[in-house]
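Order of the sequence lines fixes the chain letters, A, B, ..., with proteins taken first and strands second; residue numbering starts at 1 for each chain. Quick note: numbers below take in every heavy atom, side chains included, and nothing from hydrogens, waters or symmetry partners.
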Number of protein chains: 2
Amino acid sequence: MAPVNRTSPATPGANLTALRDHNTALVLGLLRDAGPEGASRAELAARTGLTPQAVSKITARLRAAGLAAEAGRRASTGGKPPTVLRLVPDAAHAVGVHLDRDALTVTLVDLSGAETATRTSPLDLGAGAETVLDAVTAEVAQVRAAAGSALLGAGVALPGPLDHRTGVLHRVTGFPQWDGFPLRDALAGRLGLPVVVDKDTNAAALGLVLRRCVGPAGSFAYLHLGTGLGAGLVLGGAVHRGARTGAGEFGHQVLLLDGPPCPCGNRGCIEVLCLDAVARGDIAEAARLLGTGAANLVRLLDVDLVLLGGGTLLRDAAAYAGGVRDVLGDTGGGVPVAVTPAGDRTVVEGAAELVLASLFGRESRGGLTHPFPGTSRP
Amino acid sequence: MAPVNRTSPATPGANLTALRDHNTALVLGLLRDAGPEGASRAELAARTGLTPQAVSKITARLRAAGLAAEAGRRASTGGKPPTVLRLVPDAAHAVGVHLDRDALTVTLVDLSGAETATRTSPLDLGAGAETVLDAVTAEVAQVRAAAGSALLGAGVALPGPLDHRTGVLHRVTGFPQWDGFPLRDALAGRLGLPVVVDKDTNAAALGLVLRRCVGPAGSFAYLHLGTGLGAGLVLGGAVHRGARTGAGEFGHQVLLLDGPPCPCGNRGCIEVLCLDAVARGDIAEAARLLGTGAANLVRLLDVDLVLLGGGTLLRDAAAYAGGVRDVLGDTGGGVPVAVTPAGDRTVVEGAAELVLASLFGRESRGGLTHPFPGTSRP
DNA sequence: TCCACTTTGGCAACGCTGTTGCGAAACTGC
DNA sequence: GCAGTTTCGCAACAGCGTTGCCAAAGTGGA
């Protein structure tokens, strides 16, 4: 029987290793959330519910692995002044790759999620696997040079549909030639790095989780209006992908029964209606449609927040946000609406976080932790 | 610092107690799933990923607490024949209460979920808190007599909106006088039992989870067409309630932009369209509308299954199932559609499961386990 | 009939987890 | 200067699942 049951059964039993990794990731996540201000051991104990002694042990391991460091003291509140612990961002890096229909963006981020180097170049996603992989490999090589420490892997975000678990693409909208291509394994072989593949909207949503746009158990919807319309869903603090990474097909929600036909085969999809409005230059109507879809989503899932992004939307961000807010204010119970704070880098940042998320215990629900080397069992 | 951190922080650290309770609940859940056929220790070990020795210890605790028992042997497969372990259903019971607009149903179930006694009586949900609570108390008293063992608590299901965590009702549709009523605490005081309150659709969905309509980490949507239209969502094996128990407002998904007005204030809600079709006797159209909404939901959430229920729907179950299946077959990627196997008892059975779920580790995600007395730490 | 083999499952020792008990360090406030 | 508070580590501890080992009880071949 395997000592660590990470890949085994549907509902896994937990052993001491899993317990330890869970708590380690939790503390590491809190340290990242604390940012440059850091956090004291006592604070970490209060937030995790663990005893101070347990936190001391865990942070000692993290310090030994080089992931955390003491950083001075804070003012006393009547007793011994707390020692500040901080994440060491340079301890490791991750690469994010955003494959869009006409552009390739590659970034290098450190453990805190800060971008160290970012490169964007034009790309024809339909140019064939070899060409695209060559371009990705070249760009990643450029960016890699900036990493002074361990490179944990590369996260790749692209339009779906695809299978996140296996890293195999399906019939990527507009580029049927990718159907069945094992992108994860192909790229992992080229780069010599672990690779994670996900839909662009899911990656974006994950990146926004790690930017703490909502609390640790909160939920939100990220709506992405670019050349298409999609959504990334975060429910209970974790990205909801569904069984086949199919969740988030927001663009083909039918909003107008028996409405105009959509290339997907349905009629009255929100994407067709919305893109039509955009093409007519009627941003107010596009925003109203987006808001109506968002209100449906809010009512169905009771999310805490709606975040907006995507190239088309960001060109008139204020107008869209206002329009969506108007609809949601009437019927959505006052759920807040905001534009992604990461702008047009939302997706590529999220792609890099695909690699980092497991270190901080922000994997999909129930998903166990992938511990950092040196923090796991001897 | 509390030794057991069950109620504390947003993202809880796990200690040995939590670990033990988690694994205990997991094994107990597998025993329940195994039903009268039972399961051997070796099977449980394989399914949980725990070592056989750990399973032996856990099942020994469960047997000592009276929750499990040995039940003969199975045929050998080439070695020592396995000893069958079975859940002891009579070890404890739970009460389920379904408060509908015009009827009250109360049931008593054992640990396996089997109904021991069920009573239905007419009720006017608008008759005032005292009258309704009197009726519930009287019916529960009748049913309690059939419980020969420990009664764990009562689960109450009723139309929303309400707050599951606090057990406080909001503006229950059609009965505004309930707004702000602390149903859980009021009823707990009357019955002298722990009480859990939830929306009828969520309770139904939970009950269907425990009936193993999907796998342990699967997801489905339960669509309930009665006097209104709502949904219960199960994502990743757990009921998704949202931050304010507001999730599942399927009835007020806008399906026809600028369509006919709905009492909720919107236009073109699926509930209005669907109930209109029902009133006209046009079941095919009602089913097509339901199917369109279901297809939206399937696309958004990538669920594995759509289950149908509710009084109105069950009167023409085959017609609705067929109509929904037709729409989903075209555009839903072939997601299976079925009618709830529990029929008109779906909700009341689920209400009882609200109490039992925590024993089997089927709480909301991340939610820790509420161990059975005697299985927890000495 | 015997023996090798497989499978199930328990006993005892073990390693590792977080916890508890206790004390040192370092600051505030009287 | 002393009491009180807060932070945090060392050492001993209880309890978790794991490992090593063995007994029990069947199958199947010689």
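- A donor-acceptor contact under 3.5 angstrom links the side-chain atoms of B:Q53 to the base of C:dG10.
- Looking at residues two or more places apart in sequence or on another chain, you find a salt bridge (charged side-chain N to carboxylate O under 4.0 Å, His left out) between A:D33 and A:R362.
- At whole-Å resolution of the value, CG in A:L44 and C1' in C:dG18 are 16 Å apart.
- B:S56 has no side-chain polar atom (N or O) that falls below the 4.0 Å cut-off from OP1 or OP2 of C:dG9.
- Annotation: of the two residues near DNA chain D, A:R41 and B:T24, the 5′-most nearest-nucleotide partner is A:R41.
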| said: Apply side-chain contact (heavy atoms from CB on, under 4.5 Å) to residues B:L152 and B:L111 and explain how you reach the verdict. | reply: CA-CA 10 Å; B:L152 295 173; B:L111 281 188; 4.2 Å; yes

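- Distance B:L16 CG to C:dT19 C1': 8 Å, rounded to the nearest Å.
- Straight-line distance from the CG atom of A:L85 to the P atom of D:dT7: 13 Å, rounded to whole Å.
- Judged as a side-chain contact (heavy atoms from CB on, under 4.5 Å), and not counting sequence neighbours, the contacts of B:T59 are B:V27, B:R41, B:L44, B:V55, B:L85.
- Ranking C:dG18, D:dG17, D:dC8 by closeness to the A:N15 side chain, first place goes to D:dG17.
- If you measure from atom CG of A:L26 to atom P of C:dT17, you get 16 Å, rounded to the nearest angstrom.
- Defined by atom type and a distance below 3.5 Å, a donor-acceptor pair is present between the side-chain atoms of A:R61 and A:T24.
- Distance A:I58 CD1 to C:dT19 P: 9 Å, rounded to the nearest Å.
- Atom CG in B:D21 sits roughly 10 Å away from atom P in D:dG17 (whole-Å rounding).
- For A:R184, the salt bridge (charged side-chain N to carboxylate O under 4.0 Å, His left out) test picks out no residue, with sequence neighbours left out.
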Output a table of nitrogen or oxygen pairs between the protein and nucleotides 26-29 of chain D separated by less than 3.5 Å.
unit_1	atom_1	unit_2	atom_2	d
D:dG26	N2	B:G78	O	3.1

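- The side-chain contact (heavy atoms from CB on, under 4.5 Å) search around A:L193 returns A:R144, A:L151, A:L191, not counting sequence neighbours.
- In this structure, the CD atom of A:E70 is 11 Å from the C1' atom of D:dG9, given to the nearest Å.
- Note on A:N23: a side-chain N or O is less than 4.0 Å away from OP1 or OP2 of C:dG18.
- In this structure, of D:dC8, D:dC16, C:dG10, it is D:dC8 that holds the atom nearest to the side chain of A:T83.
- Sorted by first and then second residue, the salt bridge (charged side-chain N to carboxylate O under 4.0 Å, His left out) pairs with a member in residues 71-88 of chain A read A:E43-A:R74; sequence neighbours excluded.
- For the pair B:E43 CD and C:dT7 P, the interatomic distance rounds to 14 Å; values are reported in whole Å.
- Looking at heavy-atom distances under 4.0 Å, B:A42 makes contact with sugar-phosphate atoms alone, never a base.
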